Amino acid sequence: MLTGSEIRRKFLDVFVQKGHREVHSSSLVPANDPTLLFTNAGMNQFKDVFLGLEKRDYNKATTSQKCVRAGGKHNDLENVGFTNRHHTFFEMLGNFSFGDYFKKDAIAYAWELITSPQWYGIAKDKLYVTIFNGEGGVPRDAEAYDLWAAQGVSKDRIFEMGLKDNFWQMGDTGPCGPCSEIHYDMGIAASEQGHTDCSFPCDCGRYVEIWNLVFMQFDRDASGKLNPLPKPSIDTGMGLERVTAVLQGVISNYDTDLFTPLIKRAAELTGTANAHVGTAAPGRPAEQSSAEAAGHKSAASLRVIADHARAATFLISDGVLPSNEGRGYVLRKIIRRAITHGRLLGQTKPFLYEMVFAVRDLMQDAYPELRETADRVSKTVQIEETRFAHTMEVGVERLEQLIRVIAMNAGSQVQNENKISTSDLISIRKSEGIATTLPGHEAFKLYDTYGVPKDFIEETCRDLGATLDSTGFDRAMTEQRERARASWKGAAKQTANPAYQQLPKSAFEGYRQTRSDGCEILAIIHNGQGAQELKPGDEGEIILDHTPFYAESGGQVGDRGWFYSDDHNTVVAEVKGCYSPIQGVRAHQVIVKSPPSAKNAEGWGTLRVGDKVDAVVNADIRESTMRNHTATHLLQAGLREVLGKHVKQAGSLVAPNHLRFDFSHFTGVADEELQDIEDLINKEVLRNEKVEVIENVPIDVAINEYKAMALFGEKYGDRVRVIKIGDFSTELCGGTHTNATGEIGLIKILKEGSVSSGVRRIEAVTGEGSLQHFRKDHQLENVVVSITTHSDSTSPAEALRAELEKKDAEIKRLARELDQARMKSASSSAANIGDKVKEVHGVKVLAHRVDNLERAQMRTLVDQMRDKLGSGVVVLGSTSNGNVSLIVGVTKDLTGRVQAGKVIGPVAQKVGGKGGGRPDLAEAGGKDPEALDSALAEVYNVVATLLR
């Protein structure tokens, strides 16, 4: 029996033998594609090739692509672990043709691979194929039908399906075409609905799609018309987990050797080593004993942990970190769902971080990067586990509080209800004929915000005697999924603008020079459309046959500069920036200059296709940018040296005036560490080390021999450019750099802070930027010296800190004295309150105004006044800085008749506020100081109403 790793290797070997380039899996974070949450198919990394935006030096490829489908449009998270074939992380085997072979070869290759004894050797009588039947104005795929028949597939095993199943499109516009699917009959035991005599294409789970062949032969335009592609292409996808289940003779993907070692480790870590971990019996719960149901629940939880450990390991390895938005939010939900299932198995301590090493050990041969990243990934997961434990505690507390509040407000007030347990309070409500029901949307908030699982919420409700509105919970879950889908729907990437697509690559000369003469204008884009000319004052994009302008890439901004006319002296256009609309083509964003005067203005300065210009980069801006880019390389190396090798670039901006560098790290960088980093990288500057540029290096050599750092999510070709700075820094980089480190001048770190969970950011300046910074510091130092006294042994910063601490102490002393004076004044006024105390239905009530007191002082004063009254209700109001504070105190003997919270509500409304609290003490705020007196006057009526 083939192992999962052997199945993966055989697929790649077949297509390598047939002339395909084996391409390593791309990152799970799609490169330059905002339409995708995660890489979710093998074709993602070739998307720009299919769209005509990118050209490669091969026209056939094969891959084993790591994929994640969780969140956005592909959100099956809640099903994972409870079915045989749902996963968050999976591997997609694929072969691709970019205008080389088409249907005939694609079908022949597929049938050979899956049926030949030399390869997979699947029995032909277990297989079915589907073709497109012709719908929606698209003709039937008769060619595919004939080609399958020519392979010996009997006609009773070729089925025709519609647009939903057998027509693929990238988006509303762009490449599309019919597809053919290959299905395998798993046998009647695989039916999830208990079918014993069903036939293909029944969707009960018996017949499993194992391979999809997409025939890209059309380009759908904005009007919906299908135009034949000049070079039809092939995109296929085979799920490794599914085909492994077929070849290993098991029904569930989780029973293959891609999962069983992980499930075994999950069982060990959760203390359920003896639990049955195989396939859960689908459906028919009524036929299961309680013991069987518990066993299947445990098995499902172990499968969840195994699956989610794979997803979390690969996502974090590829640079995604847990957060509260976007990709990080989905990762956080995956991790927390795995932890929750560990808790359901009885494991309350962190355990998932250890699963990372099990994933590494199982998959490091196919994905060697896991060897380097596993320690960092494990630490990230452990931090998230610790954080989640605290969040769960808060969530459970909120859940119990919420149920209690619902029970309290469900009926009339219960005497001494604050001393009654929640379960007893709910029992009282039941005796009154009132059910305590937790609203579904409120329960879902606890699930979504704190990760409290639905099962736990249901059990808590049941233990307390309450019920959960499950329908409302599920409705809120569905609505949240719809919002997630909508937030990542995005706009489909369009095929390249024809004006760009047909152009040869622009020759980039900017590594060697900042001026190129006699550059021919190949194309002009004006208002998004191809044009023949740009007139004075027009803005547009111009493509030249050769240029020194660097196009924005890899965090470095595009060059700015000018176009000169063919007299080499007159500026005809200002270049505001430069970028690459498709690979190899550089678009200069220009504003055409207006004539210096109206005289002889006709025809002056108009730029036309075919004209020649001199392209001149602003050298000052370029040099400043170069200094910052080389400094960024030194900074990353310095961070790794001081903080550790777990530091990886997570984003950057290289501009002329400053640099910004985001990196993975778990805590703030201490001032001492920042100083060490700054010292270290400036020593490299002072050494004036040569910046060595090594061109056209094979990617494997760059990574394995030069040990060059690569950027997460960045697409690299087969050959790359390496920037090497002595033995200190080696990176893959296409940017512009100084010739030696000494040209940087000096690197000054300005600040360091958090970007998101696990990602930090440093901002810095170099060269003239450092000089300007030091000048500002010197000016500040002169001001500090003028207002402080310090000796030569103390720095201006220390002297300023001491002076500020001295002033701060003095301010605190004066504030204490003022508070004491206010409190004394208020207490004095409280001594003469006899005329304000009124008896309301036999209860003493006092409403009194005490301005400019803090809340804590008001509480103290309320206590004093309650003691003075002995038995009664005290209401105090205060204004300060345009805000109103209210506090109500009720002596303990009266809380059965009058509750502070019910007094304060109507009074707070009078001043535009609201509040609440305990029966004996409640507080509120308001925004209308002018209404305070009338609000306090109303207190007596409010109490009278409550006492009736």
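In this text the structure is predicted, and so the values were computed from the model without any measurement. Hydrogens, waters and symmetry mates play no part in the numbers below; they use all other heavy atoms, side chains included.
Considering Val613, Val585, Leu522 as possible partners of Leu544, the one that fulfils the side chain to side chain contact (heavy atoms under 4.5 Å, CB included) test is Val613. Between Ile521 and the options Leu534, Leu607, Asp545, a side chain to side chain contact (heavy atoms under 4.5 Å, CB included) holds for only Leu607.
In this structure, the side chains of Glu673 and Glu752 stay at 4.5 Å or more apart for every pair of heavy atoms. In this structure the side chain of Glu369 reaches within 4.5 angstrom of the side chain of His24, judged on heavy atoms. In this structure, the side chains of Val575 and Arg560 stay at 4.5 Å or more apart for every pair of heavy atoms. Residues Glu533 and Lys535 are in side-chain contact: their nearest non-hydrogen atoms beyond the backbone lie under 4.5 Å apart. Annotation: side chain of Lys576 is not in contact with side chain of Glu539 (no heavy-atom distance under 4.5 Å). The shortest distance between side-chain heavy atoms of Lys645 and Arg376 does not fall below 4.5 Å. Here the side chains of Phe774 and Leu746 are in contact, with some heavy-atom distance below 4.5 Å. The shortest distance between side-chain heavy atoms of Ile524 and Gln532 does not fall below 4.5 Å.
The line from CE of Met43 to CZ of Phe50 is 5.5 Å long, rounded to the nearest 0.5 Å. In this structure, the separation between NZ on Lys748 and OG on Ser770 is 8.5 Å, given to the nearest 0.5 Å. Annotation: the span from Arg660 atom CZ to Asn628 atom CG amounts to 12.5 Å, rounded to 0.5 Å. With values rounded to the nearest 0.5 angstrom, Asp676 atom CG is found 11.5 Å from Leu639 atom CG. With values rounded to the nearest 0.5 angstrom, Gln45 atom CD is found 10.5 Å from Ser27 atom OG. The CZ atom of Phe46 sits 5.0 Å away from atom OG1 of Thr63, with the distance rounded to the nearest 0.5 Å.
Across all their heavy atoms, Thr630 and Thr738 have their closest contact at OG1-N, 3.1 Å. The minimum heavy-atom distance between Gly99 and Lys231, with the atom names listed, is CA-CB, 3.8 Å. Heavy atoms only, all atoms of each residue included: Ile744 and Ala631 are closest at CD1-N, 3.9 Å. Residues Ala764 and Ile747 come closest through the heavy atom pair CB-CG2, 4.4 Å. Residue Gly518 comes nearest to Lys612 through the heavy atom pair O-CD, 3.9 Å, listed as atom of the first residue, atom of the second, then distance. Shown here for Arg515 and His568, the closest heavy-atom pair between the two residues is NH2-O, 3.8 Å.
Cation-pi contact between Arg56 and Phe98: absent, since separation from the ring centre below 6.0 Å together with deviation from the ring axis within 45° is not met. Note that Arg721 lies in the cation-pi zone of Tyr511, set by a 6.0 Å cut-off to the ring centre and a 45° limit from the axis.
No donor-acceptor distance shorter than 3.5 angstrom exists from the side chain of Asp517 to the backbone of Asp614, with no hydrogens or angles considered. Judged by distance alone, with hydrogens and angles left aside, the side-chain atoms of Lys683 form no donor-acceptor pair with the main-chain N or O of Val685 at under 3.5 Å. In this structure a side-chain-to-backbone donor-acceptor pair under 3.5 Å is missing from Ser233 to Met216. Between the Ser664 side chain and the Lys648 main chain, a donor and an acceptor come within less than 3.5 Å of each other. Remark: side-chain polar atoms of Gln636 are paired, donor with acceptor, to backbone N or O of Gln649 under 3.5 angstrom. Using modelled atom types, no side-chain atom of Arg586 and backbone atom of Ser580 make a donor-acceptor pair closer than 3.5 Å. Between the Gln65 side chain and the Ser26 main chain, a donor and an acceptor come within less than 3.5 Å of each other. Judged by distance alone, with hydrogens and angles left aside, the side-chain atoms of Ser516 form no donor-acceptor pair with the main-chain N or O of Thr547 at under 3.5 Å. Counting only distance, with no hydrogens or angles, the side chain of Glu678 and the backbone of Ile749 share a donor-acceptor pair below 3.5 Å. When atom types are taken as modelled, the side chain of Asn44 and the backbone of Ala41 share a donor-acceptor pair closer than 3.5 angstrom.
In summary, Asp559 and Arg622 engage in a salt bridge, as defined by a charged side-chain N under 4.0 Å from a carboxylate O. For Arg719 and Asp57, the salt-bridge test fails: no basic side-chain N is under 4.0 Å from an acidic carboxylate O.
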Go through Leu653 and Val557 one step at a time and tell me if the side-chain contact (heavy atoms from CB on, under 4.5 Å) criterion holds. CA-CA 7 Å; Leu653 172 67; Val557 299; 3.9 Å; yes
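Within 6.0 Å of atom CD in Gln675, 12 or fewer heavy atoms from other residues, nucleotides or ligands are found, so the atom counts as exposed in its surroundings. For Asp567, the CG atom is densely surrounded, since the number of other residues' heavy atoms within 6.0 Å is greater than 12.
Relative ring orientation between Tyr564 and Trp562 is described as perpendicular, the plane-to-plane angle rising above 60° on a 0-90° scale split at 30° and 60°. The aromatic rings of Phe663 and Phe661 lie parallel to each other, with less than 30° between the two planes, well short of the 60° mark. Ring geometry for Phe563 against Phe549 counts as perpendicular: the plane angle is over 60°, on a 0 to 90° scale with 30° as the lower cut. In this pair, His737 and His633 present their aromatic rings perpendicular. The plane angle is above 60°, beyond the 30 to 60° band.
Judged by distance alone, the side chains of Ser624 and Arg627 do bring a donor and an acceptor atom under 3.5 Å apart. Side-chain N/O atoms of Gln556 and Thr736 include a donor and acceptor closer than 3.5 Å.
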